[in-house]
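This report refers to the structure that appears directly beneath it.
These values consider heavy atoms only, across backbone and side chains, with no hydrogens, waters or symmetry-generated copies. Quick caveat, the model's predicted, so the values are computed rather than measured.
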Amino acid sequence: LTPDVISFNAVISACDKCGQWLEAMAQLRGMRSQGVAPDEVTYTSLISACATGGQWPLAMSQLQEMRRQRMVPNEIPYNAAMSALEAGAQ
């Protein structure tokens, strides 16, 4: 089986739940290297994983990347980004 955006998103989401932000970012790199385009769910999970890991600058960069890819973030990635900023302020 060839991994697709859904399977990568599932792995990235699992990384978020386990606090493995570094592995989530590695999955993004693997995704791109296999020619699989990230989607809104991908970026939202990455932002959340970075927030969980206390990596607020990286979370914000993923939000910016989402916009660079011409995606229009809804309230879910913005809420995840706000959580990252909140965690960074503590």
May I have the list of side-chain donor-acceptor pairs in residues 50-57 shorter than 3.5 Å, sequence neighbours left out?
unit_1: T52; atom_1: OG1; unit_2: D16; atom_2: OD1; d: 3.0
unit_1: T52; atom_1: OG1; unit_2: S48; atom_2: O; d: 2.9
unit_1: Q55; atom_1: NE2; unit_2: G53; atom_2: O; d: 3.4

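- Scanning both residues, M31 and A37, for their nearest heavy atoms gives CE-O, 3.8 Å.
- To the nearest 0.5 Å, atom OG1 of residue T42 and atom CD1 of residue I12 are 5.5 Å apart.
- Here the closest non-hydrogen pair linking S61 and R68 is O-NH2, 4.2 Å.
- With values rounded to the nearest 0.5 angstrom, M25 atom CE is found 4.5 Å from L58 atom CG.
- In this structure, S13 contributes its side chain and N9 its backbone to no donor-acceptor pair below 3.5 Å.
- Tracing side-chain contacts under 4.5 Å through hydrophobic residues (I, L, V, M, F, W, Y), one reaches L22 starting from Y43; they form part of the same cluster.
- Of all the heavy atoms in G30 and S33, the pair that sits closest is O-OG, 2.9 Å.
- If you chain together hydrophobic residues whose side chains sit under 4.5 Å apart, I6 and F8 fall into the same group.
- Minimum interatomic distance between P38 and R32 (heavy atoms only, all atoms of both residues): CG-NE, 4.1 Å.
- Atom CD of Q34 and atom CZ of R29 lie 13.5 Å apart (nearest 0.5 Å).
- Summarising the geometry, atom CG belonging to L28 is positioned 11.5 Å from atom CD belonging to E23; distances are rounded to the nearest 0.5 Å.
- In the hydrophobic clustering of ILVMFWY residues, with side-chain heavy atoms under 4.5 Å counting as a link, V5 and M71 come out together.
- Smallest separation of non-hydrogen atoms from L63 and A81: CD2-CB, 3.9 Å.
- Note: the hydrophobic cluster containing I47 also contains Y78 (ILVMFWY, side chain heavy atoms under 4.5 Å, direct or indirect links).
- Side-chain contact check for M60 versus L85: some heavy-atom pair is nearer than 4.5 Å.
- Of the inter-residue distances, the one linking Q69 atom CD with Q62 atom CD reads 10.0 Å to the nearest 0.5 angstrom.
- Residue M66 holds its CE atom at 4.5 Å from OG1 of T44, rounded to the nearest 0.5 Å.
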